Amino acid sequence: MPAVPDLLLVPLALLALQASLCHGACVELDSDTEAVANEGFKLGCISCKMRGEVPATASVDWYFRASDETEFSHLYSYDDQRAQIIDPRFDGRLGWNGSKNTKDLQDGSIYILNVTFNDTGTYQCIFTRLLMYTNYEYQTNTTKIINMNVVPQLTRGLASILSEVMMYVSIIGLQLWLVVEMIYCYRKIAAAGEEALRESAAEYLAIASESKDNCAGVQVAE
Ligand SMILES: *[C@@H]1O[C@H](CO)[C@@H](O)[C@H](O)[C@H]1NC(C)=O
Ligand SMILES: *[C@@H]1O[C@H](CO)[C@@H](O)[C@H](O)[C@H]1NC(C)=O
Ligand SMILES: *[C@@H]1O[C@H](CO)[C@@H](O)[C@H](O)[C@H]1NC(C)=O
Ligand SMILES: *[C@@H]1O[C@H](CO)[C@@H](O)[C@H](O)[C@H]1NC(C)=O
């Protein structure tokens with residue numbers, strides 16, 4: 001991919017990382033939605049606790065609806081640091097990528113190993129959070145929806161190579177166009193300058209001859 005935007009992204013990513021490491025800041029980033037067949041894919045789901053100072057516990061449930069299905073089925077559950085794969089289609093293919101070593105989850109992301117085209121569909125991530133205030137408990141639910149698309153490896157490579165080639169072609173094309181335009185303008189200005197010179201010379205001659213006519217009656221020593 002283009003080198004310059006990547007270079008710009010690095011300090012930004014470092015800043016974000018530093019912010020989250022130093023202050024424990026929680027940022028609700030949206031998940032990626034395009035997975036590549038036969039590779040791993042992280043289904044991101046982050047639900048920040050609005051009141052950071054209130055102790056809480058949370059559990060995460062994932063639901064899945066394949067692109068040709070109408071109903072969601074229970075896919076995965078993570079509660080009390082225990083993970084369970086419920087949908088047999090994903091047996092041995094799901095790993096936890098969320099908050100570790102805590103019951104106060106804010107990141108409920110999971111990881112699919114060896115994505116297949118059958119994994120295309122809609123994923124629903126539900127956080128069930130219990131906020132524990134001194135005198136009472138309060139439950140909140142947060143739901144996030146991810147529409148995941150699976151693309152074959154080859155097309156993606158080809159598409160990104162094509163887009164890179166197009167980028168260079170358009171950059172070089174634009175620069176050539178600029179040079180051509182500059183030459184064209186320069187020549188036009190030069191021609192206009194010559195034209196103006198010729199015109200003013202002609203004008204001068206015309207005025208001169210006119211004044212000679214006007215002065216016909218006057219004897220001018222020549
Ligand atoms: C995400 O889960 C996969 C599979 O369990 C694991 O290989 C990978 O290291 C995990 N990544 C993170 C950042 O936890
Ligand atoms: C993923 O695919 C690789 C290569 O096709 C295979 O070796 C590996 O066992 C697969 N892993 C799972 C969890 O299916
Ligand atoms: C995908 O689903 C079809 C039909 O349900 C099934 O025949 C096929 O074996 C599945 N492929 C994989 C890789 O699970
Ligand atoms: C949250 O979801 C549970 C079931 O998962 C439900 O019993 C509860 O009423 C919901 N709470 C809120 C505040 O929506």
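Predicted, not measured: the structure shown is a model, and the values here were computed from it. All heavy atoms count here, side chains included; hydrogens, waters and symmetry mates do not. Read the numbers this way: they start at 1 and go in the same order the structure lists the ligands and their atoms.
For K42, no heavy-atom contact with ligand 1 is shorter than 4.0 Å.
Between the side chains of H74 and D87, no donor N or O sits under 3.5 Å from an acceptor N or O. Side-chain contact check for Q139 and N141: at least one donor-acceptor pair (N or O, by modelled atom type) lies under 3.5 Å.
Around atom CE of M166, no more than 12 heavy atoms belonging to other residues, nucleotides or ligands sit under 6.0 Å away.
The nearest protein heavy atom to atom 1 (C) of ligand 3 is closer than 4.0 Å. Distance screen at 4.0 Å: atom 9 (O) of ligand 3 has no protein heavy-atom neighbour inside the cut-off. For atom 14 (O) of ligand 3, the nearest protein heavy atom is under 4.0 Å away. Atom 5 (O) of ligand 3 is not flagged as protein-proximal [any protein heavy atom, distance under 4.0 Å].
In terms of N/O distances under 3.5 Å, ligand 1 is not approached by Y111. Looking at ligand 3, you won't find any N or O of T116 less than 3.5 Å from one of its N or O atoms.
Considering W96, Y63, F90 in turn, W96 is the only one that fulfils the side chain to side chain contact (heavy atoms under 4.5 Å, CB included) rule with Y76.
Atom numbering of ligand 1 starts at 1 in the shown order; those under 4.0 Å from a heavy atom of G95 are 5 (O).
Summary of contacts: the protein heavy atom closest to atom 12 (C) of ligand 1 is N97 ND2, 3.2 Å.
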(request) Go through T122 and N147 one step at a time and tell me if the side-chain hydrogen bond (donor to acceptor under 3.5 Å, both in side chains) criterion holds. (result) CA-CA 4 Å; T122 307; N147 283 308; 2.9 Å; yes

